[in-house]
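Structure record follows, encoded as structure tokens.
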Amino acid sequence: MHRALSWLDRAEQSEDQDGRFIFLWIAFNAAYANELGEQRVFEGERFNRYLEKLVNLDTEQQLYSLVWKRYSGAIRVLLDNIYVYQPFWDHSNGLASGDEWQSRFAAAKSAANVALASENTSLVLSVVFNRLYTLRNQLIHGGATWNSSINRQQLKDANAILGDVVPMIIGIMMDNADALWGDASYPPVLDTSRLSAV
């Protein structure tokens, strides 16, 4: 939690959208990541279980209110945006042939709409984080120009959502410190004398 809070603090000081998103993502990852690593988990069962656990432990229904009352419009816009849908980029970059990405996009939108209609908070958050992960990859892997005028609205929406959801996640985890969250990635190593030289 100390690491997550330190990055959240840095994100709140950031004056540009790109930096803010990156720092918010690091704060989220510090709270979420454990010894198993990230490994495109945003499509995986382990990440879905993590979100379900957060939603179940959220006794004040902060995440529910965030998804259904505050950001339902921004979330719908994000879900309709092909530029944060990884299979679109796989197709555009020649990694996937045919137009299969279009049918997958339509199916993903349909599934998201079912989740929205049934107010399945953890599933909607899973889809949102999956899309934000694509945006994260665009920035971290140099697929975007710093402070570009292109796609600024999706970055602003992403920052607004992450700027609220990350502190909530950290708060829920801190309120439930007795829950099993996994071991930290890269734990502090205080005694290096036991490490053998390579």
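The shown structure was predicted, so the numbers you read here are calculated from the model rather than taken from an experiment. FYI, side chains are in, hydrogens and waters are out, and symmetry mates aren't considered; it's all heavy atoms of this structure.
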Query raised in the report: Can you hop from Leu135 to Ile140 via hydrophobic side chains spaced under 4.5 Å?
Result: yes
Requested in this report: Taking Asp18 for its side chain and Asn147 for its backbone only, find out whether a donor-acceptor pair lies under 3.5 Å.
Outcome: yes
Report task. For Ser6 and Arg3, indicate whether the former's side chain and the latter's backbone hold a donor-acceptor pair under 3.5 Å. Result -> yes
Query raised in the report: Going through the distances and angles, do Ile169 and Tyr50 end up as a side-chain contact (heavy atoms from CB on, under 4.5 Å)?
Result: CA-CA 11 Å; Ile169 287 172; Tyr50 171 75; 3.2 Å; yes
Report summary line: Those residues at least two apart in sequence (or on a different chain) that pass ring-ring contact (aromatic ring centres under 6.0 Å, His included) with Trp89 are none
Under 3.5 Å, sequence neighbours excluded: what are the donor-acceptor pairs made by side chains of residues 63-70?
from: Tyr64; atom 1: OH; to: Glu119; atom 2: OE1; distance (Å): 2.5
from: Ser65; atom 1: OG; to: Gln61; atom 2: O; distance (Å): 3.2
from: Trp68; atom 1: NE1; to: Thr121; atom 2: OG1; distance (Å): 2.9
from: Arg70; atom 1: NH1; to: Asp164; atom 2: OD2; distance (Å): 2.8

Report task. Could you label the plane-to-plane angle of the Trp7 and Phe23 rings as parallel, tilted or perpendicular, counting under 30° as parallel and over 60° as perpendicular? Result -> parallel
Query raised in the report: Which atom pair, heavy atoms only, marks the closest approach of Arg20 to Gly163?
Result: NH2-CA, 3.7 Å
Query raised in the report: Is there a side-chain contact (heavy atoms from CB on, under 4.5 Å) between Leu155 and Leu139 once you walk through the steps?
Result: CA-CA 10 Å; Leu155 191 57; Leu139 291 172; 4.0 Å; yes
Query - Spacing of Trp25 atom CH2 and Leu132 atom CG [to the nearest 0.5 Å] - result: 6.0 Å
Query raised in the report: If we only count heavy atoms from C-beta on, is the Val165 to Phe28 side-chain gap below 4.5 Å?
Result: no
Report summary line: Interatomic distance, CD1@Ile172 vs CG@Asp58, rounded to 0.5 Å, equals 3.5 Å
Query - Partners meeting ring-ring contact (aromatic ring centres under 6.0 Å, His included) with Phe88 (sequence neighbours left out) - result: Tyr83, Trp101
**Report entry** Partner residues of Asp80 under the salt bridge (charged side-chain N to carboxylate O under 4.0 Å, His left out) criterion, sequence neighbours left out
**Finding:** Lys109
Report summary line: Between Ala27 and Leu8, the two heavy atoms sitting closest are CB-N, 3.6 Å
Query raised in the report: Met1: what forms a side chain to side chain contact (heavy atoms under 4.5 Å, CB included) with it, not counting sequence neighbours?
Result: Ala31, Ile170, Met173, Met174
Query - Which residues share a side chain to side chain donor-acceptor pair (under 3.5 Å) with Gln154, sequence neighbours left out - result: Asn81
Query raised in the report: Val114 versus Leu123: any side-chain heavy-atom pair under 4.5 Å?
Result: no
Query raised in the report: What distance separates Ile26 CD1 from Arg136 CZ, expressed to the nearest 0.5 Å?
Result: 9.0 Å
Requested in this report: Give a yes or no on whether His2 atom NE2 has more than 12 heavy-atom contacts from other residues, nucleotides or ligands under 6.0 Å away.
Outcome: no
Report task. Could you tell me the separation between the OG atom of Ser126 and the CG atom of Asn120, rounded to the nearest 0.5 Å? Result -> 9.5 Å
Report summary line: For Ala108 and Tyr85, the nearest pair of non-hydrogen atoms, with its separation, is CB-CE1, 4.2 Å
Query raised in the report: Hey, what do you get for CG (Leu51) to CZ (Arg46), rounding to the nearest 0.5 Å?
Result: 11.5 Å
Report summary line: Between Gly19 and Ser14, the two heavy atoms sitting closest are C-OG, 3.5 Å
Report task. Answer yes or no: is there a side-chain heavy-atom contact under 4.5 Å between Asp175 and Leu57? Result -> no
Report task. Answer yes or no: is there a side-chain heavy-atom contact under 4.5 Å between Leu78 and Tyr71? Result -> no
**Report entry** Donor-acceptor side-chain pairing of Asn56 and Glu52 below 3.5 angstrom
**Finding:** no
Report summary line: The reported gap from OG in Ser122 to CG in Leu54 (rounded to nearest 0.5 angstrom) is 9.5 Å
